[in-house]
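Because the structure is predicted, anything quoted here is derived from the model rather than measured. Numbering of ligands and ligand atoms starts at 1, following listing order. Below, each value reflects all heavy atoms present in this structure, side chains not excepted, and no hydrogens, waters or symmetry copies.
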Amino acid sequence: MMGMNTQPGDALLEIRDLRTHFFTDDGVVKAVDGVSFSVPRGKTFALVGESGCGKSVTAFSILRLLPMPPARIVSGSIHLDGRDLLGLSPGQMRQVRGGQVGMIFQEPMSSLNPVFTCGSQIAEAVMLHARTSAREARRRAIDLLAKVGIPEPAQRFGEYPHQLSGGMRQRVMIAMALSCSPRLLIADEPTTALDVTTQAQILDLLGDLQERENLGILLITHDLAVVAQTAHVVGVMYASKIVELTSAADLFSRALHPYTQGLFRSLPRLGVRGRRLETLGGSVPNPLNFPTGCKFHPRCATARMVARTMNESDTVVVTTETGPVRVPARCASQEPPLRQEQPGHSVACWHARAADQADAPPAEEEQQ
Ligand SMILES: Nc1ncnc2c1ncn2[C@@H]1O[C@H](COP(=O)(O)OP(=O)(O)O)[C@@H](O)[C@H]1O
Ligand SMILES: [Mg+2]
């Protein structure tokens, strides 16, 4: 018998082989294409990657908030607390949203109604899921405002969204998301619109709430600095797939995928104000026109480095946004599966070992 902790289904949220495609006039946009991960109870799983790689579509698939059509979840499973969400009716799904699952997004202004006070919107959310009197809902709303660190909550109850700062509005959104004591919070770029100081305060708040309420959090961000502050487990997403999956500690001490290494190298260094020393060349490919083989090969510093050590017959020259580059033939023709490279650390790269041994040289040297 396996131990309790290793039983499948033990995670709070478990996603297996999720594929969400958009059927458009221009073709099939495979926005999420075979994504698997789980969010442990009371812990934060961060999904990180550049804009356009499929993070939000993943979140919206879980919540079933995508326009269908054109979107369709063509395969996979999503289990919350062992219950298959894809098998639920729209009505049951509404109960899950704002019930067991709370959600917050980048721009709280678009989720808050400008014509109602913040307090009444939270009270409304409370009453939607629990049979309480208006008076009891108001009391709960004030408690929630206090819980998310809003000073003088009874007074703030009567204020309108536009009267609050961006940080305070995001706190109101968090209060609303917590109104039904969810087990899972989905936060899609929750601090992207905020200045760095406010961002840190909101991330601290989420950490505190997680501890107090044993909240599992799916945190979506393009920002590795946010991941560093919050995550226990990390999935790095590139071109509709997870390309690296491991603990946060592991990722920050030894990223194995050349893409992840590129993300780290393009972080502004401390002390060099706003200056990006080395950036990832090129951009995220359009899902209607994904490269063959490994979708990262046109941008991959490791592929170029490895190709220089190979027989020319085992390599090919490919055209990229930044000009022709020589890469291993396999990188250009076969997609690498996500496989365990080290205990608990999975990578989708044919040359993860090479990437591990020599962190790739700076971008300037490669592009000749
Ligand atoms: N309604 C839609 N119709 C067609 N394509 C879409 C739609 N919504 C998103 N996409 C595409 O899905 C891909 C992933 O988008 P998204 O999940 O929003 O990226 P991220 O959140 O990582 O920035 C993008 O290529 C985007 O253009
Ligand atoms: Mg997004």
Side-chain angles (χ1 to χ4, degrees), residues 13 15 17-37 39 44-76 78 97 101-111 170 173 177 185-194 199 202-203 206 217-227 230-231 234-245 251 257 259-260 262-263 266 279-280 282-292 295-296 298-299 321 335 338 348:
L13 179 74
I15 297 187
D17 197 36
L18 180 68
R19 291 172 203 267
T20 305
H21 299 173
F22 293 90
F23 294 82
T24 73
D25 292 344
D26 299 327
V28 181
V29 177
K30 298 182 175 178
V32 174
D33 205 29
V35 162
S36 303
F37 65 88
V39 181
T44 298
F45 179 94
L47 201 53
V48 65
E50 289 164 292
S51 177
C53 66
K55 306 182 298 295
S56 293
V57 173
T58 303
F60 281 97
S61 300
I62 299 164
L63 297 162
R64 229 154 346 116
L65 286 174
L66 291 165
M68 300 194 185
R72 201 163 84 216
I73 295 174
V74 298
S75 79
I78 302 174
R97 285 194 300 266
V101 185
M103 51 214 169
I104 54 175
F105 302 103
Q106 176 172 341
E107 190 29 80
M109 227 21 209
S110 60
S111 320
Q170 195 54 286
M173 280 310 301
L185 182 71
I186 297 181
D188 189 352
E189 305 274 5
T191 60
T192 300
L194 305 172
Q199 168 171 314
I202 295 289
L203 295 177
L206 289 177
I217 300 181
L218 170 57
L219 183 100
I220 290 179
T221 180
H222 67 279
D223 188 347
L224 279 172
V226 169
V227 176
T230 57
V234 188
V236 180
M237 215 169 159
Y238 187 76
S240 313
K241 286 194 153 86
I242 288 184
V243 296
E244 183 157 17
L245 186 65
L251 193 82
H257 198 287
Y259 175 60
T260 317
L263 286 179
S266 53
T279 54
L280 270 168
S283 51
V284 177
N286 180 336
L288 285 172
N289 194 18
F290 275 150
T292 56
K295 295 194 198 93
F296 186 60
R299 301 173 75 190
E321 280 177 275
E335 181 148 42
L338 186 66

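- The closest side-chain heavy-atom distance from L206 to L185 is below 4.5 Å.
- Relative orientation of the F296 and Y238 rings is perpendicular, given thresholds of 30° and 60° on the angle between their planes.
- Residue pairs satisfying the salt bridge (charged side-chain N to carboxylate O under 4.0 Å, His left out) criterion with at least one member in residues 44-63, sequence neighbours excluded, are listed as follows: E50-R299.
- The option from H21, K55, E189 that lies nearest to atom 22 (O) of ligand 1, judged by heavy atoms, is K55.
- At the shortest separation from atom 25 (O) of ligand 1 among protein heavy atoms lies P287 CG, 3.2 Å.
- Scanning all protein heavy atoms for the shortest distance to atom 11 (C) of ligand 1 gives V29 CG1, 4.0 Å.
- Between T260 and V234 the shortest side-chain heavy-atom distance does not fall below 4.5 Å.
- By the 3.5 Å distance cut-off applied to N or O atoms, V57 is counted among the residues near ligand 1.
- Note: an N/O pair closer than 3.5 Å links S56 and ligand 1 by distance alone.
- Here the closest non-hydrogen pair linking V226 and T230 is O-OG1, 2.9 Å.
- Counting protein heavy atoms only, atom 12 (O) of ligand 1 is closest to A31 CB, 3.3 Å.
- Proximity of H257 to V236: side-chain heavy atoms (C-beta onward) are nowhere separated by under 4.5 Å.
- The shortest distance between side-chain heavy atoms of S36 and I242 does not fall below 4.5 Å.
- In terms of protein heavy-atom proximity, atom 1 (N) of ligand 1 is closest to F22 CE2, 3.4 Å.
- Looking at T20 and S61, their side chains do bring a donor and an acceptor atom within 3.5 Å of each other.
- Close contacts between ligand 1 and S51 involve ligand atoms 23 (O) [criterion: under 4.0 Å to a heavy atom].
- Within the protein, the N, O or S atoms lying under 2.8 Å from the Mg ion (ligand 2) are S56 OG.
- For the residue pair Q170 / T191, no side-chain donor-acceptor distance below 3.5 Å is found, with atom types taken as modelled.
- A tilted orientation is assigned to the rings of H21 and F23, their planes being inclined by 30° to 60°.
- When G49, P67, G52 are ranked by how near their heavy atoms come to atom 20 (P) of ligand 1, first place goes to G52.
- Counting protein heavy atoms under 4.0 angstrom from atom 3 (N) of ligand 1 gives one or more.
- Taking 4.5 Å as the limit, some side-chain heavy atom of S240 sits within range of a side-chain heavy atom of F290.
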